[in-house]
2 protein chains.
Amino acid sequence: MAVTVRDVAARAQVSVQTVSNVVNGRPIVAEATRQRVLKALAELGYQPNAIARGLRSNCAHTIGVVFITTERRYLVRAPYLNEVVSGIADAARDSEYELLLQSVAPHEHPSAVTQLFRRRQIDGVILTSAELGEPYVEELTANDVPFVLIDRPVAGERAACVRADNRGGALAAVRYLIQRGHTHIGLISGALNWHSGVERLAGYRQALAERGLPEAVTHSDWSREGGHCALGELLDQWPKLTAVFVASDLMAVGAMEAACTRGLRVPEDLALVGFDDLTFATMVRPPLTTVRLPAYDMGVEATQLILGHLTDGRFPQPDVVLPTELVVRESA
Amino acid sequence: MAVTVRDVAARAQVSVQTVSNVVNGRPIVAEATRQRVLKALAELGYQPNAIARGLRSNCAHTIGVVFITTERRYLVRAPYLNEVVSGIADAARDSEYELLLQSVAPHEHPSAVTQLFRRRQIDGVILTSAELGEPYVEELTANDVPFVLIDRPVAGERAACVRADNRGGALAAVRYLIQRGHTHIGLISGALNWHSGVERLAGYRQALAERGLPEAVTHSDWSREGGHCALGELLDQWPKLTAVFVASDLMAVGAMEAACTRGLRVPEDLALVGFDDLTFATMVRPPLTTVRLPAYDMGVEATQLILGHLTDGRFPQPDVVLPTELVVRESA
DNA sequence: TTGAAAGCGGTACCAG
DNA sequence: CTGGTACCGCTTTCAA
């Protein structure tokens, strides 16, 4: 049986209350008493029971990390999420908080996340992959659950957002292509029910508008296969394109493969720029010129935000935008 | 305030005990009573508080998922783990159990995991990345915590292991190279404090021994950079090598890059076979011939094992070995 | 079959 | 500053 406050109290000849005060570092204990309790604590190898503590204090020291998806193998299919999760795990590591991992289906029962919150007395939630129009966001707001959204702006006292400068990144990418002399530049866009999809499209448009260049856009689904198909559609419709900005590295790899299939050389016949800068961007040939998404840092930032909120009761900054950066390699 | 059993009991005009029985599906409640309670449950939107339940029943319905590592960005640097975690998340999804994510440093305080277990009343643990000689394993055994080890055999009533047939995979890879006519075959081995490192080395040795071929081994650290350096060392020491079996895809990519730097064509001048079959294996040029590690399935299997143990109180099979498979592409 | 009461292991509150 | 006691929400035990 585990050793409890009562065991410690008996050994140190004090009340359970005093033990609790010592354990929680409340500075209202006389030094002599404190030492006696500390000794008993060590001798018995006391470990506070977080469950019991959570029950009473209504704060279980747990952060929920929620993926919204129906897909199996989701972490494999959305590789940037690995980096986000890695950042969350690292940032939570030295905190008092534990991470509870959960994936829920979009539009499942909108209260699924809130239920999780209630049932496990979760203190705050980090929500990833929230498409626009996701009902969970409203649900969480309505239930007064503090949460941080990755890659989607949000309004509300108890909500914050961590995202990257997607528009700026896209802008830089397309400006770079223009600067390299391209005048017919296509876009393989991600799905537009994602905030980053919308923003990357906006950046592309802005860069073209600055020079009065024509648009050539296909929409795809973020996947490698999607990128492959999309390049075909794009070139069939606009054969004069000499460069394509692709809204994700995974799609860019697909597009690169499609270009190769068509006998096009990258970058000589077709310049390609991706977005994300995942590990494999340096593995493909030619190495992919892409926009670096600070996914790991987004995870770290999201965790610090929610942790800070749990301490201070508020978010100092409701919308954190991390910079992106064009990484020039050889594909454009 | 959340609605409790007492609220439900009051509304349904029964005792809290009866409500508890209904919620937990115990078949000792009269049908009429049950219906009344069910109605009250629905009307009030009752959600059982898992914390309180765990406190009383000493079973918090939580599985700990533990990474042993000091490295930051660990999920990024050990990409196969993403697949394992994805499998764990998917398998746990429809269970009653939640996943608690935690990373601990090797040789930190050996009782870190046990403490986590006690403090959060965790029911079972899935341990990944346990090097050989890891003290956590003993610690968990000594404390009677049920656990599943990924990729490391283990003894004990309350322990099980899920791993892949690393030796068989290596054997198949090297036999394939021999069959293709290679007689001077090198190995870039992973670190030997990993079970899979030892096994892949053993498979390589066995295949060579079958034909009386000479060995040529360098040890590396699983990383891309490590693979790059290792290929250099290998070729400097054994210039006649025409093929190299590389114990991980990440190292294989590094080796492929090193070969390219040396002006060697793959596979004409140097055949390369990897191990893992991660996503990027099909992205490099030439596409990597490799051994498929069923990492996702290992995560699923580990979860089912621990879940089964929590139900039955035992592991039906203490050492689950999943098959590996040679995937022939173009690098060999 | 149902109900009343006693905890699980902490923390909050109040009295001394 | 310290101790006693109620109580968080649920399950378990035992009696009716």
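Sequence lines set the chain letters: A, B, ... in the order given, protein chains first and strands last, and positions in each chain run from 1. Computed from heavy atoms alone, side chains included, the values below leave out hydrogens, waters and symmetry copies.
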Could you state the interatomic distance from CD1 (A:Ile88) to OH (A:Tyr296), rounded to the nearest 0.5 Å? 11.0 Å
Can you find a donor-acceptor N/O pair under 3.5 angstrom joining the side chain of B:Arg56 to the base of D:dG9? no
Separation of atom CG in A:Asn24 from atom P in D:dT2, rounded to whole Å: 15 Å
Assign A:Gln47 to base, sugar-phosphate, or nothing according to its heavy-atom contacts below 4.0 angstrom with the strands shown. sugar-phosphate
Could you give the CZ-to-P distance, from B:Arg34 to C:dT1, as a whole number of Å? 13 Å
Is the distance from OP1 or OP2 of C:dG3 to the nearest side-chain N or O of B:Ser15 less than 4.0 Å? yes
For the pair made of CZ in A:Arg36 and P in D:dC1, what is the distance, rounded to whole Å? 15 Å
Looking at B:Asp297, B:Asp151, B:Asp319, which hits salt bridge (Lys or Arg N to Asp or Glu O under 4.0 Å) with B:Arg163? B:Asp319
Separation of A:Ile306 CD1 from A:Asp123 CG (nearest 0.5 Å): 9.0 Å
Within this structure, what is the CG-to-C1' distance between A:Asn21 and D:dC1, rounded to whole angstrom? 9 Å
Is any side-chain N or O of B:Thr33 closer than 4.0 Å to OP1 or OP2 of C:dT2? yes
Just the rounded figure in Å: distance from P of D:dC8 to CD of A:Gln121. 12 Å
Between D:dG4 atom P and A:Arg6 atom CZ, what is the distance in whole Å? 12 Å
Carboxylate-amine/guanidinium proximity below 4.0 Å for A:Arg73 and B:Glu83: no
From the options D:dC10, C:dT11, C:dG3, select the nucleotide whose nearest atom is closest to the side chain of A:Ser57. C:dT11
I'd like to know if B:Arg158 and B:Asp144 make a salt bridge, using a cut-off of under 4.0 Å between side-chain N and carboxylate O. yes
With sugar-phosphate meaning primed atoms plus P, OP1 and OP2, does A:Val23 contact a base, only sugar-phosphate, or nothing at under 4.0 Å between heavy atoms? nothing
Which residue, A:Ala30 or A:Ala52, contacts DNA chain D at a nucleotide closer to its 5' end, judged by nearest heavy atom? A:Ala30
Please state how far atom CD in B:Gln17 lies from atom P in C:dG7, giving the value in whole angstrom units. 16 Å
Which is more 5' along DNA chain C, the nucleotide nearest B:Val14 or the one nearest A:Arg53? Just name the residue. B:Val14
Mind calculating the distance between CG (A:Leu55) and P (C:dG9) to the nearest angstrom? 12 Å
Taking the side chain of A:Thr4 as its heavy atoms from C-beta onward, which of C:dT11, D:dG9, C:dG9 lies nearest to it? C:dG9
